[in-house]
Visitor: 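Following this message is one structure expressed as structure tokens.
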There are 2 protein chains.
Amino acid sequence: MQLKNQVEWALHCCSILAGVPEGHFLSSKALAEFHGVPKEYLAKALQALSQAGLVETTLGPSGGYRLAKKPKDITFLDIVEAVEGKGSTFVCTEIRGNNPCLPEGHCNRGACAIARVMWEADAAWRAKLRAVRLSDVAKMLVEDVPAKILGDVAEWVRVRS
Amino acid sequence: MQLKNQVEWALHCCSILAGVPEGHFLSSKALAEFHGVPKEYLAKALQALSQAGLVETTLGPSGGYRLAKKPKDITFLDIVEAVEGKGSTFVCTEIRGNNPCLPEGHCNRGACAIARVMWEADAAWRAKLRAVRLSDVAKMLVEDVPAKILGDVAEWVRVRS
DNA sequence: GACCCGGTACTCGGATATAATATGTCCGAGTCTGTACGG
DNA sequence: CCGTACAGACTCGGACATATTATATCCGAGTACCGGGTC
């Protein structure tokens, strides 16, 4: 099991979009160039974000994407679920129903014990992702990345938006 | 992203193997019949468990599988990792390195902020799985499943092992 | 009667096809911008 | 000089191929059991 690359791309793109000046948009082409990934394919990830209502789009020259909410109101989980879907990582196919020892017409009450455990773990994963907001990334970057580079990136975004 | 069906099968199989009488084995054929899944394919999941050292095998008539450790010493994480691999669900491809604003020869120190968050969530997921042991499943089943059925299953296993 | 030996049937393990999904690419519909023209 | 209409170019969005992974299946190597033969 492995998350799609698009998840990583979407997260990085949102992190960049958070720095787009008010009222401006950043095109998928610019985002693709910035991250060094195929433009056409990255567009699919951005589409998913758009359908999830996380980003807004505009067509035409100087069009592109921008966040639809404030960075404070977008969680990692929002982005991950937009790309990967909201379904649980574990799906119970109820194979316990094939148990030959079950009496005819037996009906299992509630979820099976194994599924419960797996779903709990899944919930813990999602809880961790829900706890981190896009605004938190900005703070981390300030600590990690030299101010000079941060400034250059901001300038690069400003020019392309 | 979705876990393989084999994970579910492996968990259920281990839960059954925990009830095999001391010194006996249960064949993949029996496990497949019990769960109503293709025998040959289930064997792959059991192979993974075997390679991970979770189960022991014997060939020949009355051969098959049995747990290599006590149910108390086998966690859900052990089983999941045996089938899915130990790799993180999130892989960082370091696309930040493609950032055009980076000075020549710039070397990123430490993991990128986004990867750190994703890995933390992954760790939380694994921690939940590590906290549940195979022996806990037996307790849950006692609460969920009528004693009559539990007894029938134990008898079924005894006959086939 | 006890021991040894060989055949048989059953087991696991890895190598091999098929289906589903993730990855990557392409083209068309729509719209904003910039310019040229007319008032 | 200002407003308007139009052409162009750029955007997103979905439809279309390819690569990788998951699913399912098959066959061979190896071993424990069982029966017969021998001491």
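So you know, we letter chains A, B, ... as the sequences are listed, proteins then strands, and number each from 1.
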Visitor: Compare all side-chain heavy atoms of B/L31 with those of B/I16 and state whether any distance is below 4.5 angstrom.
Guide: yes
Visitor: Does any residue of residues 77-93 of chain A have a heavy atom under 4.0 Å from DNA chain D, and if so, which ones, in number order?
Guide: none
Visitor: Let me see the working for B/L49 and B/I79 under side-chain contact (heavy atoms from CB on, under 4.5 Å), right down to the final yes or no.
Guide: CA-CA 7 Å; B/L49 294 175; B/I79 299 169; 4.0 Å; yes
Visitor: Are B/C13 and B/V55 side-chain neighbours, meaning at least one heavy-atom pair lies under 4.5 Å?
Guide: no
Visitor: How many whole angstroms separate atom CZ of B/R66 from atom C1' of C/dT11?
Guide: 15 Å
Visitor: Taking side chain as C-beta onward, heavy atoms only, is B/F34 less than 4.5 Å from A/N98?
Guide: no
Visitor: Return yes if some donor-acceptor pair links the side-chain N/O of A/E8 with the main-chain N/O of B/T93 below 3.5 Å, else return no.
Guide: yes
Visitor: Expressed in angstrom and rounded to an integer, what is the separation of A/K44 atom NZ from D/dT18 atom P?
Guide: 16 Å
Visitor: Rounding to an integer number of Å, can you tell me how far A/L3 CG sits from D/dT21 P?
Guide: 15 Å
Visitor: Mind checking A/E56 for me? I need base, sugar-phosphate or nothing, with any heavy atom below 4.0 Å counting as a touch.
Guide: nothing
Visitor: Check A/E120 against B/K128 and note the closest heavy-atom contact, atom names and distance.
Guide: OE1-NZ, 3.9 Å
Visitor: Taking side chain to side chain contact (heavy atoms under 4.5 Å, CB included) as the definition, give me every residue that meets it alongside A/P146, ordered by chain and number, with sequence neighbours left out.
Guide: A/I149
Visitor: If I take atom CG in residue B/N5 and atom P in nucleotide D/dT23, what distance separates them, rounded to the nearest angstrom?
Guide: 5 Å
Visitor: Rounded to the nearest angstrom, tell me the gap between atom CD in A/Q2 and atom P in C/dT23.
Guide: 8 Å
Visitor: Does any non-hydrogen side-chain atom of A/V80 lie less than 4.5 Å from one of A/W125?
Guide: yes
Visitor: With a 4.0 Å cutoff (strictly under), does any side-chain N or O of A/S50 reach OP1 or OP2 of D/dC12?
Guide: no
Visitor: Would you please confirm or rule out a distance under 4.0 Å between OP1 or OP2 of C/dG13 and any side-chain N or O of B/Q51?
Guide: no
Visitor: Distance check needed: C/dT23 P versus A/E8 CD, whole Å only.
Guide: 11 Å
Visitor: Report, as a single string ordered 5' to 3', how protein heavy atoms within less than 4.0 Å touch nucleotides 29-34 of chain C: B base, S sugar-phosphate only, - not at all.
Guide: -BBBS-
Visitor: For DNA chain D, find the residues of residues 18-41 of chain A with a heavy-atom distance under 4.0 Å and give them by number; none if there aren't any.
Guide: A/S27, A/S28
Visitor: Run A/V20 and A/F25 through side-chain contact (heavy atoms from CB on, under 4.5 Å) and show every step you take.
Guide: CA-CA 7 Å; A/V20 173; A/F25 294 84; 5.9 Å; no
Visitor: Report, one line per pair, each donor and acceptor closer than 3.5 Å where one atom sits in a side chain of residues 153-161 of chain B; sequence neighbours left out.
Guide:
| unit_1 | atom_1 | unit_2 | atom_2 | d |
| --- | --- | --- | --- | --- |
| B/E155 | OE1 | B/R158 | NE | 3.3 |
| B/E155 | OE2 | B/R158 | NH2 | 3.1 |
| B/R160 | NH1 | B/E33 | OE1 | 2.9 |
| B/R160 | NH2 | B/E33 | OE1 | 3.4 |
| B/S161 | OG | B/V157 | O | 3.0 |
| B/S161 | OG | B/R158 | O | 3.4 |

Visitor: Considering residues at least two apart in sequence or located in another chain, which fulfil the side chain to side chain contact (heavy atoms under 4.5 Å, CB included) criterion with A/A43?
Guide: none
Visitor: Rounded to the nearest angstrom, tell me the gap between atom CG in A/L42 and atom P in C/dG24.
Guide: 11 Å
Visitor: Do the side chain of B/S88 and the main chain of B/V91 share a donor and acceptor less than 3.5 angstrom apart?
Guide: no
Visitor: Would you indicate, yes or no, if D/dG14 has its OP1 or OP2 atom less than 4.0 angstrom from a side-chain nitrogen or oxygen of A/Q47?
Guide: yes
Visitor: Just the rounded figure in Å: distance from P of C/dT11 to CG of B/L46.
Guide: 13 Å
